[in-house]
Amino acid sequence: VQLQASGGGLVQAGGSLRLSCAASGRTSNSYAMGWFRQAPGKEREFVAAMSWRGYNTYHSDSVKGRFTISRDNAKNTVYLQMNSLKPEDTAVYYCAAGIAPSTMATSYHYWGQGTQVTVSS
């Protein structure tokens with residue numbers, strides 16, 4: 001499975017961005033998907049995850065109510081809608097695919113290349 005993340009950029013605090021993660025490869029739409037982020041000097045942090053059918057979603061406490069994960073299996077794409085962005089959301093955002101949704105990065109087998117999100121104050 002190959003993952004291609006896009007949609008990052010520079011936005012002012014309070015603004016919105018939508019990240020996309022396009023998956024390709026056999027059975028790519030049968031995986032649970034997750035979003036993680038990593039800020040400079042910090043460990044990779046769980047952001048959100050979704051089961052492969054989309055019935056179950058999980059969001060970290062730091063983004064709950066502001067970010068929403070969704071997927072369109074017909075397009076083999078997962079999204080992360082980010083609203084009310086804060087400077088502390090600045091990081092490289094990675095999408096990942098695994099057998100089941102998890103908050104642990106080690107549970108995911110495939111990773112995208114990352115997309116930079118910068119939120120200015």
Side-chain angles (χ1 to χ4, degrees):
V1 176
Q2 293 80 46
L3 303 176
Q4 180 73 37
S6 61
L10 174 63
V11 64
Q12 288 188 334
S16 298
L17 282 174
R18 188 176 79 157
L19 305 184
S20 299
C21 177
S24 60
R26 192 175 61 165
T27 67
S28 60
N29 65 355
S30 63
Y31 285 89
M33 297 297 295
W35 285 98
F36 288 76
R37 66 187 181 186
Q38 189 165 18
K42 295 187 176 181
E43 294 185 353
R44 193 164 294 192
E45 173 190 21
F46 168 75
V47 176
M50 173 175 270
S51 58
W52 76 273
R53 288 187 175 180
Y55 293 159
N56 299 306
T57 61
Y58 308 87
H59 297 81
S60 70
D61 289 342
S62 62
V63 307
K64 199 170 293 182
R66 300 187 298 122
F67 292 9
T68 303
I69 188 172
S70 63
R71 68 190 299 165
D72 184 342
N73 283 345
K75 297 182 178 179
N76 289 341
T77 301
V78 175
Y79 304 98
L80 185 67
Q81 178 65 46
M82 306 187 296
N83 299 327
S84 302
L85 282 160
K86 304 175 181 180
E88 52 263 43
D89 294 319
T90 295
V92 177
Y93 283 70
Y94 299 89
C95 59
I99 300 300
S102 173
T103 61
M104 298 179 61
T106 52
S107 297
Y108 293 86
H109 306 290
Y110 305 99
W111 290 83
Q113 85 289 0
T115 184
Q116 175 71 46
V117 172
T118 303
V119 184
S120 63
S121 58

Testing the basics here: between [X] and [Y], what is the closest heavy-atom pair and its distance to 0.1 Å?
X: Pro101; Y: Ala49; answer: CB-CB, 4.0 Å
X: Ala48; Y: His59; answer: CB-CD2, 3.7 Å
X: Tyr93; Y: Val47; answer: CE2-CG2, 4.3 Å
X: Asp89; Y: Arg66; answer: OD2-NH1, 2.8 Å
X: Thr57; Y: Met50; answer: CG2-CE, 3.1 Å
X: Ala13; Y: Ser121; answer: CB-CA, 4.4 Å

Taking NZ, NE, NH1 and NH2 as the nitrogens, is one of them in Lys64 or Asp61 under 4.0 Å from a carboxylate oxygen of the other?
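Between Asp61 and Lys64 there is a salt bridge, with a charged N closer than 4.0 Å to a carboxylate O.
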
Arg37 vs Val63, test: side-chain contact (heavy atoms from CB on, under 4.5 Å). Steps then yes/no.
CA-CA 11 Å; Arg37 66 187 181 186; Val63 307; 4.0 Å; yes

Would you give the length of the straight line joining atom [atom1] of [X] to atom [atom2] of [Y], rounded to the nearest 0.5 angstrom?
X: Met33; Y: Thr77; atom1: CE; atom2: OG1; answer: 9.0 Å
X: Asn76; Y: Gln4; atom1: CG; atom2: CD; answer: 14.0 Å
X: Tyr108; Y: Cys95; atom1: OH; atom2: SG; answer: 11.0 Å
X: Tyr94; Y: Glu45; atom1: OH; atom2: CD; answer: 13.0 Å
X: Ile99; Y: Tyr31; atom1: CD1; atom2: OH; answer: 5.5 Å
X: Gln81; Y: Leu17; atom1: CD; atom2: CG; answer: 8.5 Å

Would you find a donor on one side and an acceptor on the other, under 3.5 Å apart, between the side chain of [X] and the backbone of [Y]?
X: Thr90; Y: Val119; value: yes
X: Arg71; Y: Ser51; value: yes
X: Asn73; Y: Arg53; value: no

side-chain contact (heavy atoms from CB on, under 4.5 Å) between Ser62 and Glu88: does it pass, once the steps are laid out?
CA-CA 10 Å; Ser62 62; Glu88 52 263 43; over 6 Å; no

Checking side-chain contact (heavy atoms from CB on, under 4.5 Å) for the pair Trp35/Met82: CA distance, chi angles, key distance, verdict?
CA-CA 12 Å; Trp35 285 98; Met82 306 187 296; over 6 Å; no

Is there a side-chain contact between Val92 and Phe36 (heavy atoms, below 4.5 Å)?
no

Between Gln116 and Leu10, is the side-chain contact (heavy atoms from CB on, under 4.5 Å) condition met? List the steps.
CA-CA 8 Å; Gln116 175 71 46; Leu10 174 63; over 6 Å; no

Shared hydrophobic cluster for Val117 and Ile69 (ILVMFWY, side-chain gaps under 4.5 Å):
yes

Assigning hydrophobic clusters by single linkage (Ile, Leu, Val, Met, Phe, Trp, Tyr; side-chain heavy-atom cutoff under 4.5 Å), is Leu80 placed with Val1?
yes

